[in-house]
Amino acid sequence: MKAVVITTAGGPEVLQLQQVNEPEIKDDEILIKVEATALNRADTFQRNGSYPPPKGASPYLGLECSGTIQAIGKDVSRWKVGDQVCALLNGGGYAEKVAVHGGHVLPIPPGVSLKDAAGLPEVACTVWSTVFMMSRLSAGETFLVHGGSSGIGTFAIQIAKNKGATVLVTAGSEEKLAFCKKLGADVCINYKREDFVARAKEETGGKGVDVILDCIGASYLQQNLDSLNFDGRLFIIGFQGGAVTEIKLNTLLPKRLTVQGAALRPRSTENKAMVVTEVEKNVWPAVAAGKVKPIIYKSFPLSEAGEAHRLMESSAHIGKILLVP
């Protein structure tokens, strides 16, 4: 089969489409013929050498995909050959075929094309596990998501609104903010022109927001803490603004704040399967009802993976970028 290979750590130009061996499935895995895979920021970090794959994972990029099942391990009971599915991967999505644990697979939601479904697993599992399972965002609360026009952001806006929260977003252009507004965001903040802390306080009557989902990290940490309400929860999922900083601990204690962080990829097989099960139960009905949709910006052939990475690193896109074998 063909797969995108990282020839050496570096920029987008190091990605090359090459002939490689097909993956062999274990007893608890299935083999998917890939219809599409979606880019994630982690792919760019793995490409430049700063985010190596976990032990035993595929050496190829790609943390989610959609496609058709071609083979099934003997311990897999739910799925059958020919089923159309999407899946959360440890890696290997930038290829014509990929092996995945049977518990990390989801059916294609009604009303979503097989191709577009590739943009759902990673964002759905990330947002549901962090914002709802761990930060317990509930109806009537206020939620701030940074990077509202990203794949994570566009999904988070929709599902948070669907669950009854008031949604605030930050983004860096009026075009992106307008798109977030169209998805249902209640308050749209241009972080290049406005102080998001002041705006968050203003929009909440001085209280602050209840939950923040943050992909920036160090450079936003103190501001995020200052933006939170009593019993507020900050969840960090990325370090685009650095990984090391100082904070004022006296911000935490009086307001009983919680700071958490997590990544999907390093989680255990069992933990991921539990998250996937929760997503199918709690998120898929909203997708099937058309209330939450995958937002696809552009598709590239596998041979143009480097161009797709350049687009992602430019941050010019809104939503997800796909690669198609």
Report task. Look at the side chain of E29 and the backbone N and O of G102, then say whether any donor-acceptor pair between them is shorter than 3.5 Å. Result -> no
Query - Heavy atoms from other residues, nucleotides or ligands near NZ of K33 exceed 12 (cutoff 6.0 Å) - result: no
Report task. Output yes when a side-chain donor or acceptor of R47 lies under 3.5 Å from a complementary backbone atom of T8, and no otherwise. Result -> no
Report task. Without swapping roles, check the side chain of S135 against the backbone of L137 for a donor-acceptor pair under 3.5 Å. Result -> no
Query raised in the report: Could you go step by step and tell me if E174 and R193 meet the salt bridge (charged side-chain N to carboxylate O under 4.0 Å, His left out) rule?
Result: CA-CA 11 Å; E174 296 309 311; R193 298 180 181 176; 3.6 Å; yes
Report summary line: Per salt bridge (charged side-chain N to carboxylate O under 4.0 Å, His left out), E141 is matched among R233, K207, K163, R136 by R233
Query raised in the report: Is the side chain of W284 donor-acceptor paired with the backbone N or O of P107 at a distance under 3.5 Å, no angle test?
Result: yes
Report task. To the nearest 0.5 Å, tell me how far I152 CD1 sits from T130 OG1. Result -> 7.5 Å
Requested in this report: Tell me, with the steps shown, if F196 and H146 meet ring pair (Phe, Tyr, Trp, His ring centres under 6.0 Å).
Outcome: CA-CA 10 Å; F196 74 79; H146 292 298; 4.7 Å; yes
Requested in this report: Any chance you could lay out the salt bridge (charged side-chain N to carboxylate O under 4.0 Å, His left out) test for K298 and E304, step after step, and finish with the verdict?
Outcome: CA-CA 12 Å; K298 190 173 182 179; E304 295 180 16; over 6 Å; no
Report task. Assess whether side chain to side chain contact (heavy atoms under 4.5 Å, CB included) is satisfied between F235 and V131, documenting all intermediate values. Result -> CA-CA 7 Å; F235 210 105; V131 176; over 6 Å; no
Query raised in the report: Do the charged groups of D226 and K201 touch, with an N to O distance under 4.0 Å?
Result: no
Query raised in the report: Is there a donor-acceptor pair under 3.5 Å between the side chain of W79 and the backbone N or O of I72?
Result: no
Report task. Can you see which heavy atom on P12 is nearest to which on R310, and at what distance? Result -> CG-CG, 3.6 Å
Query raised in the report: Quick one: does D210's side chain have a donor or acceptor within less than 3.5 Å of a partner on T142's backbone?
Result: yes
Report task. Let me see the working for D186 and K161 under salt bridge (charged side-chain N to carboxylate O under 4.0 Å, His left out), right down to the final yes or no. Result -> CA-CA 9 Å; D186 299 285; K161 286 297 294 181; 3.0 Å; yes
Query raised in the report: Could E22 and K97 be called an ion pair, given the rule that one side-chain N must be under 4.0 Å from one carboxylate O?
Result: yes
Query raised in the report: Going from CG on L302 to CG on L322, what distance comes out if it is rounded to the nearest 0.5 angstrom?
Result: 11.0 Å
Requested in this report: Please check if the side chain of T7 supplies one atom and the backbone of V14 the other of a donor-acceptor pair under 3.5 Å.
Outcome: yes
Query raised in the report: Taking L61 as the fixed residue, which of T37, L39, L15, T44 is the one that meets the side chain to side chain contact (heavy atoms under 4.5 Å, CB included) rule?
Result: L15
Requested in this report: Return yes if some donor-acceptor pair links the side-chain N/O of N271 with the main-chain N/O of R267 below 3.5 Å, else return no.
Outcome: no
**Report entry** Given E122, R265, E64, the one that forms side chain to side chain donor-acceptor pair (under 3.5 Å) with N40
**Finding:** E64
**Report entry** Distance-only side-chain donor-acceptor flag, K176 / N190, under 3.5 Å
**Finding:** no
Query - Atom of S149, atom of C180 and distance for their closest heavy-atom approach - result: N-SG, 3.7 Å
Query raised in the report: Would you call R199 and E194 a salt bridge, using N to O less than 4.0 angstrom?
Result: yes
Query - Salt bridge present between E280 and R78 (N-O < 4.0 angstrom) - result: yes
Query raised in the report: Does T170 use its side chain to pair, donor to acceptor, with the backbone of Y191 at less than 3.5 Å?
Result: no
Report task. Answer yes if I237 and V167 sit in the same cluster of Ile, Leu, Val, Met, Phe, Trp and Tyr residues linked by side chain heavy atoms under 4.5 Å apart, and no otherwise. Result -> yes
Query raised in the report: So, for F230 and R256, which heavy atoms are closest and what is the spacing to 0.1 Å?
Result: CB-NH2, 3.8 Å
Query raised in the report: Could you walk me through whether E278 and S129 pass the side chain to side chain donor-acceptor pair (under 3.5 Å) check?
Result: CA-CA 8 Å; E278 289 294 307; S129 64; over 6 Å; no
Query raised in the report: Taking all atoms of both residues into account, what is the closest heavy-atom pair of A160 and F132, and its distance?
Result: CA-CZ, 4.0 Å
Requested in this report: Evaluate the side chain to side chain contact (heavy atoms under 4.5 Å, CB included) criterion for residues V5 and Y94: first the C-alpha distance (whole Å), next the side-chain angles of each, then the deciding distance (0.1 Å), finally the verdict.
Outcome: CA-CA 9 Å; V5 175; Y94 287 28; over 6 Å; no
Query - Inter-residue atom distance H317.NE2 - I296.CD1, 0.5 Å rounding - result: 11.0 Å
Query raised in the report: For atom CD of E175, is the number of surrounding heavy atoms from other residues, nucleotides or ligands below 6.0 Å larger than 12?
Result: no
Query raised in the report: When you check the side-chain N and O atoms of K115 and S299, is any donor under 3.5 Å from an acceptor?
Result: yes
Report summary line: Nearest heavy-atom contact between Y51 and P266 is OH-CD, 4.1 Å
